[in-house]
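As structure tokens, the structure follows; a few thoughts come after it.
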Amino acid sequence: MSVAKKEYKRITTKTLVDMKSRGEKISMLTAYDFTMAQIVDGAGIDVILVGDSASNVMAGHETTLPITLDQMIYHAASVVRAINRSLVVVDLPFGSYQSDAKEALRSAIRIMKESGGHAVKMEGGKEIKESIKRILNAGIPVMGHLGLTPQSIYKFGTYTVRAKEDAEAQQLKEDALLLEKLGCFAIVLEKVPAKLAEEVAQSVTIPIIGIGAGGGVDGQVLVIHDMLGMNTEFSPRFLRRYLDLHTQMTQALQQYSNDIKSGNFPNENEQY
Ligand code: KIV
């Protein structure tokens, strides 16, 4: 007798837009490797972001700038191999889309072809309009990213809340409308005042996924290492830690080491 294979209804970009229109919130988390992605997908998270935050949490860089397109493709391909249901969105890394629209399209095509990801994410508004258009014209779905855009950290000089001043808030609202008009299927809105984020979410029909943008938006995203409590140094106000994995892992590893040194591991049942 054959075992029936479980059928999964895959999340698509349209699913997300429909969820917004029904008032259903969207869950999104980062993942960068096969094993973690299997858990995230199996837990029913709607969107997996292969974020360029891999540069920080996987490679130990101070910023997201050093990660390369090849490295992003490696992470994304590992994630895609694990997926049954979630939509996989892959960050276009710094330097792979800013110089011109043709280069942006080449980078996006490489991600789609070589990783099997379902969409790309790009940081910025009107200044990258031509690149977004070209990628969308090639049939590649684009998620925007406004507010705090970590690839521009050296321009901002700080990771504090963006768009507190009227001029920047106004530009952000215009950028959100522009991204919707161009055809982006969703926008990540990072670290902006909750009231502004809610206004933006109400002004567009595509989902606004917040990180540090309050509860008035259409979904939330966090970096998985942060929400599992693997990092101890990073504790912004918006971060809710669902586990204290740093402590739990440290205790388990110390126990393992103690067991080896005391001769308690392996025991008779753990050998051949
Ligand atoms: O790279 C990333 O993890 C991100 C999220 C913080 C939204 O862009």
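All values below were derived from every heavy atom in this structure, side-chain atoms included, with hydrogens, water molecules and symmetry-related copies excluded. Since this is a predicted model, take the numbers as computed values, not measurements. When a ligand or atom number is given, it counts from 1 through the structure's own listing order.
- Using a 4.0 Å cut-off between a side-chain N of Lys or Arg and a carboxylate O of Asp or Glu, Arg22 and Asp18 do not qualify as a salt bridge.
- The number of heavy-atom neighbours closer than 6.0 Å to CD of Glu268, taken from other residues, nucleotides and ligands shown, is 12 or below.
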Which protein N or O atoms sit under 3.5 Å from any N or O of ligand 1? Give atom names and distances.
{"residue": "ligand 1", "atom": "1 (O)", "partner": "Asp52", "partner atom": "N", "Å": "3.2"}
{"residue": "ligand 1", "atom": "1 (O)", "partner": "Asp52", "partner atom": "OD1", "Å": "3.0"}
{"residue": "ligand 1", "atom": "1 (O)", "partner": "Ser53", "partner atom": "N", "Å": "3.1"}
{"residue": "ligand 1", "atom": "1 (O)", "partner": "Ser53", "partner atom": "OG", "Å": "3.3"}
{"residue": "ligand 1", "atom": "1 (O)", "partner": "Asp91", "partner atom": "OD2", "Å": "3.1"}
{"residue": "ligand 1", "atom": "3 (O)", "partner": "Ser53", "partner atom": "OG", "Å": "2.5"}
{"residue": "ligand 1", "atom": "8 (O)", "partner": "Lys121", "partner atom": "NZ", "Å": "2.9"}

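- The pair Asp70-Arg110 meets the salt-bridge criterion, since a charged nitrogen lies less than 4.0 angstrom from a carboxylate oxygen.
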For residues 135-143, run the donor-acceptor check on the side chains, cut-off 3.5 Å, and write out each pair with its distance to 0.1 Å, sequence neighbours left out.
{"residue": "Asn137", "atom": "ND2", "partner": "Lys133", "partner atom": "O", "Å": "3.4"}

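- Between His225 and Tyr32, the gap from one ring centroid to the other is short of 6.0 Å.
- In summary, Lys126 and Glu174 do not engage in a salt bridge, as defined by a charged side-chain N under 4.0 Å from a carboxylate O.
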